[in-house]
Asker: 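Attaching a single structure in structure tokens format; questions to follow.
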Number of protein chains: 2
Amino acid sequence: MAAKRSGARSKRGINERLQPVQEPRSEPPLSRERIVATAVELLDAQGVDGLTMRRLADRLGSGVMSLYWHVDNKEDVFDLALDSVLEYRGPPQMVESRDWRGEVVHMLEDWRASMLRHPWSASLLPRRALGPNILSRLELLSNTLSRAGVADADMNVAIWSLWNYVMGATITRASFDLSDDDRAAAQQRLTRLSDRYPTIERSRLLLDNDWGGTFRKGLGFLLDGLSPG
Amino acid sequence: MAAKRSGARSKRGINERLQPVQEPRSEPPLSRERIVATAVELLDAQGVDGLTMRRLADRLGSGVMSLYWHVDNKEDVFDLALDSVLEYRGPPQMVESRDWRGEVVHMLEDWRASMLRHPWSASLLPRRALGPNILSRLELLSNTLSRAGVADADMNVAIWSLWNYVMGATITRASFDLSDDDRAAAQQRLTRLSDRYPTIERSRLLLDNDWGGTFRKGLGFLLDGLSPG
DNA sequence: GATTGACTCGTACGGCGTACCATACGAGTC
DNA sequence: GACTCGTATGGTACGCCGTACGAGTCAATC
């Protein structure tokens, strides 16, 4: 049952006369854009499992089945929400910089940041198709690498390597985002088994939570390997 | 009523099921192991969404609620199935080889292969905890890199970089495993938009389906970047 | 025989995605 | 005004889901 009747919905009006003052009351009409925006809100607030068509409709003040006029099904909602979150606006100063490495790093860090701002996107991406915003990023990447002198023969490998790295890092980060307590507990569990896993115990692998720094440093290593010089 | 770890069910009669033609009918008793094995079967056959507790029970010839004696809940089943699929037996000849690079490549390729043999595992891993088999692999990796001369300060970055790479590659591969037709259609769609994405169109990024080769080559680049020499 | 603990499972509940269908409304046509 | 028709909304219902609850079975032990 639709939660609230604010009264705005009832005919009530004494006169139907058109009113020049825009009537702002009742919800704006449904639209694909509004549905997607609300879905992102809901996903941000409640995570992947928190998005249900019923809740989405509630938040929109509409009936559940009305959604299906604008979207095909729930999968569709996921696809749209995901792509909507991955738009890229380019580096701050679009100077024709010769700093290809900086450009690549900026775009990939932004990519990661965009996904981490909406952690559900990381776990969603693996099952989704390539939307326009993702393709744009790949295009930009390809372009920059080309200008950087990566050989055509290595281009696809380079792109996929960077893609893999970003995806792996982001998905990992998003899913292992434990509280400090959890992390400490995990490392402690590890310590208890330290005869089994002495090396990773020693390096405190699970305690290290400088995700950003680790990401940047590892990306540097990968670019070292990829760049010709 | 949490299910207890009951180790000792072997108390059972020394022999009771001895030779006579095995009674074809009645199922063997439920057990954690049997549940996990059947869950893997079901996941292989029907994918993540295909696994339901009802179907699992059906396949086991038991009632649904009986499962809950042996596992906590459905999440638990996922965790167990995932870890069960990631066991690693080490390189073929456990020679004390000086070929650290070969060892790393072997383990990571095996990792990828194990997950691709059960494609659901790729989309599952991101949300799961680190099971013993995963930790073993990390331990081995850490060990090998250490012997290879990777500095302690870089160790965690190196491990996570390789982890990221493998995860990204595997998840991507598992989810983009389109048919040839699909792939051609995707590339065609891209061609239609070739003014928008000229560079990736030209490199035929989506048509390249030598996933294994790309994986190996990119891994090589990453190791180049990681290795001191 | 009674008790106990390990194990099995039927029933039921609340929630899900969505198919189907009735409805409402504005615009075009006669 | 009466009519269709495309667009949009949403109530009801169906079948499936995970799992809480509690009753039932059976062997081992007293």
Side-chain angles (χ1 to χ4, degrees), chain A residues 1-6 8-13 16-19 23 25-35 38-39 42-43 46-81 124 127, chain B residues 1-17 25-35 38-39 42-43 46-81 124 127:
Chain A
M1 183 167 295
K4 46 179 284 171
R5 286 348 343 242
S6 60
R9 179 151 199 68
S10 59
K11 287 320 190 159
R12 195 73 186 78
E16 245 68 328
R17 297 178 61 77
L18 74 160
Q19 297 181 329
E23 207 177 11
R25 269 329 83 220
S26 72
E27 307 271 2
L30 276 182
S31 72
R32 204 165 234 257
E33 292 70 29
R34 215 160 76 80
I35 291 175
T38 309
L42 200 50
L43 285 163
Q46 318 238 40
V48 176
D49 292 341
L51 177 64
T52 74
M53 298 304 272
R54 282 170 228 260
R55 280 210 266 260
L56 185 51
D58 263 11
R59 234 177 220 242
L60 287 160
S62 78
V64 196
M65 292 317 290
S66 307
L67 303 179
Y68 287 87
W69 180 260
H70 304 273
V71 301
D72 290 346
N73 48 41
K74 194 181 177 184
E75 295 263 294
D76 201 11
V77 176
F78 279 136
D79 285 346
L80 294 166
L124 230 48
R127 334 199 200 184
Chain B
M1 291 248 179
K4 287 289 159 204
R5 304 263 349 105
S6 70
R9 103 171 271 85
S10 50
K11 193 110 178 275
R12 200 65 206 83
I14 317 163
N15 62 356
E16 160 155 22
R17 29 118 84 146
R25 270 330 82 213
S26 80
E27 308 273 357
L30 276 183
S31 71
R32 204 166 234 252
E33 292 70 29
R34 214 160 78 80
I35 290 175
T38 308
L42 201 50
L43 284 163
Q46 318 239 41
V48 174
D49 293 340
L51 177 64
T52 73
M53 298 303 272
R54 282 170 229 259
R55 279 212 265 261
L56 186 51
D58 264 9
R59 235 178 221 243
L60 286 161
S62 78
V64 197
M65 293 316 291
S66 308
L67 303 179
Y68 286 87
W69 181 258
H70 303 274
V71 300
D72 289 346
N73 48 41
K74 196 183 176 182
E75 295 264 293
D76 200 13
V77 176
F78 278 136
D79 285 346
L80 293 166
L124 229 50
R127 334 199 201 184

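For clarity, every value in this text was computed on a predicted model and none was experimentally measured. Letters A, B, ... mirror the listed sequences (proteins, then strands); counts begin at 1. What's counted below: heavy atoms across the whole structure, side chains too, no hydrogens, waters or symmetry copies.
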Asker: To the nearest 0.5 angstrom, please state how far the CG atom of A:Leu56 sits from the NZ atom of A:Lys74.
Answerer: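 Interatomic distance, A:Leu56 CG to A:Lys74 NZ, rounded to 0.5 Å: 9.5 Å.
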
Asker: Could you tell me the separation between the CG atom of A:Asp49 and the C1' atom of D:dC17, rounded to a whole number of Å?
Answerer: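 Taking atom C1' of D:dC17 as the reference, CG of A:Asp49 is at 13 Å.
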
Asker: In dot-bracket notation, what is the pairing pattern of DNA chain C, taking Watson-Crick (N1-N3 plus N6-O4 or O6-N4) and G-U wobble (N1-O2 and O6-N3) contacts under 3.5 Å, with [ ] crossing and | for other strands?
Answerer: ||||||||||||||||||||||||||||||

Asker: Round to the nearest Å and state the distance from B:Leu60 atom CG to C:dC7 atom P.
Answerer: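 After rounding, the gap between these two atoms is 16 Å.
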
Asker: Quick one: closest heavy-atom pair of A:Phe78 and A:Leu124, and the distance?
Answerer: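 The answer is CD2-CD2, 3.5 Å.
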
Asker: Would B:Leu67 and B:Leu60 satisfy side-chain contact (heavy atoms from CB on, under 4.5 Å), going step by step from the backbone distance to the final call?
Answerer: CA-CA 9 Å; B:Leu67 303 179; B:Leu60 286 161; 3.7 Å; yes

Asker: Quickly work out the A:Asp76 CG to C:dT18 C1' distance and round it to whole Å.
Answerer: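 Those two atoms, CG and C1', are 14 Å apart.
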
Asker: Mind checking whether A:Leu51 and A:Gln46 have side chains closer than 4.5 Å, heavy atoms only?
Answerer: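 Sidechains of A:Gln46 and A:Leu51: no contact.
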
Asker: Atom OH of A:Tyr68 and atom P of C:dT18: how far apart are they, to the nearest Å?
Answerer: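 So the OH-P distance, A:Tyr68 to C:dT18, works out to 4 Å.
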
Asker: Would you list the protein and nucleotides 8-10 of chain C atom pairs, both N or O, that sit under 3.5 Å from each other?
Answerer:
from  : atom 1 : to      : atom 2 : distance (Å)
C:dT8 : OP2    : B:His70 : NE2    : 2.7
C:dC9 : OP2    : B:Gly63 : N      : 2.9
C:dC9 : OP2    : B:Ser66 : OG     : 3.0

Asker: Under the side chain to side chain contact (heavy atoms under 4.5 Å, CB included) test, which residues partner A:Val71, sequence neighbours left out?
Answerer: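 A:Val71: side chain to side chain contact (heavy atoms under 4.5 Å, CB included) contacts with A:Ile35, A:Met53, A:Asp76, A:Val77, A:Leu80.
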
Asker: Can you tell me the distance, in whole Å, between the CE atom of A:Met53 and the C1' atom of D:dG10?
Answerer: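 About 13 Å, once rounded to whole Å.
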
Asker: Look at the side chain of A:Arg54 and the base of C:dG15, then say whether one donor and one acceptor between them are separated by less than 3.5 Å.
Answerer: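 When only heavy-atom distances are counted, A:Arg54 does not reach the base of C:dG15 through any donor-acceptor pair under 3.5 Å.
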
Asker: How would you list, by chain and number, every residue that makes a salt bridge (charged side-chain N to carboxylate O under 4.0 Å, His left out) with A:Arg55, sequence neighbours excluded?
Answerer: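 Result, salt bridge (charged side-chain N to carboxylate O under 4.0 Å, His left out) vs A:Arg55: none returned.
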
Asker: Under a 3.5 Å distance rule, please check whether A:Thr38 uses its side chain to pair with a backbone N or O of A:Arg34 as donor and acceptor.
Answerer: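 Here the side-chain-to-backbone pair exists.
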
Asker: Rounded to whole angstroms, how far apart are CG on A:Asp58 and P on D:dT9?
Answerer: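 Atom CG in A:Asp58 sits about 16 Å away from atom P in D:dT9.
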
Asker: Which distance, rounded to the nearest 0.5 Å, do you find between the CG of B:Leu30 and the OG of B:Ser62?
Answerer: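 With rounding to 0.5 Å, CG (B:Leu30) is 4.5 Å from OG (B:Ser62).
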
Asker: Rounded to whole angstrom units, what separation is found between the CZ atom of B:Arg34 and the C1' atom of C:dC7?
Answerer: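 From B:Arg34 CZ to C:dC7 C1': 14 Å.
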
Asker: Taking atom C1' of C:dG15 as reference, at what distance in whole Å does atom CG of A:Leu51 sit?
Answerer: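 To the nearest whole Å, that distance equals 14 Å.
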
